[in-house]
Amino acid sequence: LITLELELNNIYNNFAVRLKSCCEQISETELRVCYLLKAGFSVTSIAKIIGRTKSAVSMCRKRLLKKINGCDGSIFNLDDFISTI
């Protein structure tokens, strides 16, 4: 995870730092999901990598969006947000 975080910071102009500043209460699992989304992994792949079900990853994405935006929305809104950071 640390290696992925460092690489994403190098490639995407301190991505992890900016993500953590947007959402200070982000959990370790949520960080992993965001990192893997940013790296281009599919939800199915993310589920396998972190040892969760696909639906658990989707629920994680919904919770993240609420933490970041303060409101409910589509999981695709989170993907859009992650892609712009």
Side-chain angles (χ1 to χ4, degrees):
L1 181 63
I2 293 171
T3 303
L4 181 57
E5 181 177 322
L6 292 172
E7 287 301 317
L8 289 171
N9 280 335
N10 287 333
I11 295 169
Y12 296 106
N13 192 25
N14 292 319
F15 168 76
V17 173
R18 290 182 289 129
L19 175 64
K20 289 175 187 177
S21 72
C22 290
C23 186
E24 295 173 3
Q25 299 175 337
I26 195 166
S27 73
E28 195 70 26
T29 300
E30 292 166 337
L31 275 174
R32 286 183 181 143
V33 169
C34 289
Y35 293 167
L36 294 167
L37 284 170
K38 186 68 170 181
F41 286 88
S42 69
V43 173
T44 303
S45 296
I46 293 170
K48 289 178 184 176
I49 291 167
I50 67 171
R52 302 281 170 97
T53 64
K54 192 175 165 182
S55 61
V57 172
S58 293
M59 286 304 298
C60 178
R61 289 161 68 202
K62 287 186 100 161
R63 281 192 311 273
L64 266 167
L65 184 64
K66 188 161 186 140
K67 280 185 179 182
I68 293 167
N69 288 344
C71 60
D72 292 325
S74 165
I75 53 177
F76 300 109
N77 295 125
L78 175 68
D79 297 351
D80 291 342
F81 174 77
I82 295 299
S83 70
T84 61
I85 294 181

Contacts under 3.5 angstrom, residues 15-22 side chains, donor-acceptor by atom type, not counting sequence neighbours:
residue : atom : partner : partner atom : Å
R18     : NE   : N13     : O            : 2.8
R18     : NH2  : Y12     : O            : 2.5
R18     : NH2  : N13     : O            : 3.1
K20     : NZ   : E5      : OE2          : 3.4
S21     : OG   : R18     : O            : 2.8

| message | For residues L78 and M59: do they belong to one hydrophobic cluster (side chain heavy atoms under 4.5 Å, members Ile, Leu, Val, Met, Phe, Trp, Tyr)? | response | no
| query | Are the side chains of I85 and C34 in touch, meaning some heavy atoms are under 4.5 Å apart? | reply | no
| Does L64 reach the side chain of I82, with side-chain heavy atoms less than 4.5 Å apart? | no
Quick one: list whatever passes salt bridge (charged side-chain N to carboxylate O under 4.0 Å, His left out) with [X], sequence neighbours left out.
X	answer
K54	none
R52	none
K67	E30
D80	none

Without placing hydrogens or testing angles, list every side-chain donor-acceptor pair under 3.5 Å for residues 39-48, not counting sequence neighbours.
residue : atom : partner : partner atom : Å
S42     : OG   : S45     : N            : 3.1
S42     : OG   : S45     : OG           : 3.1

| query | Which residue pairs pass the salt bridge (charged side-chain N to carboxylate O under 4.0 Å, His left out) test when at least one of the two sits in residues 33-43, sequence neighbours left out? | reply | none
| said: If the condition is side chain to side chain donor-acceptor pair (under 3.5 Å), which residues does D79 pass it with, not counting sequence neighbours? | reply: R61
| field | side chain to side chain donor-acceptor pair (under 3.5 Å) partners for T84, two or more places apart | value | none
| request: Any chance you could measure C60, atom SG, to K62, atom NZ, to the nearest 0.5 Å? | output: 12.5 Å
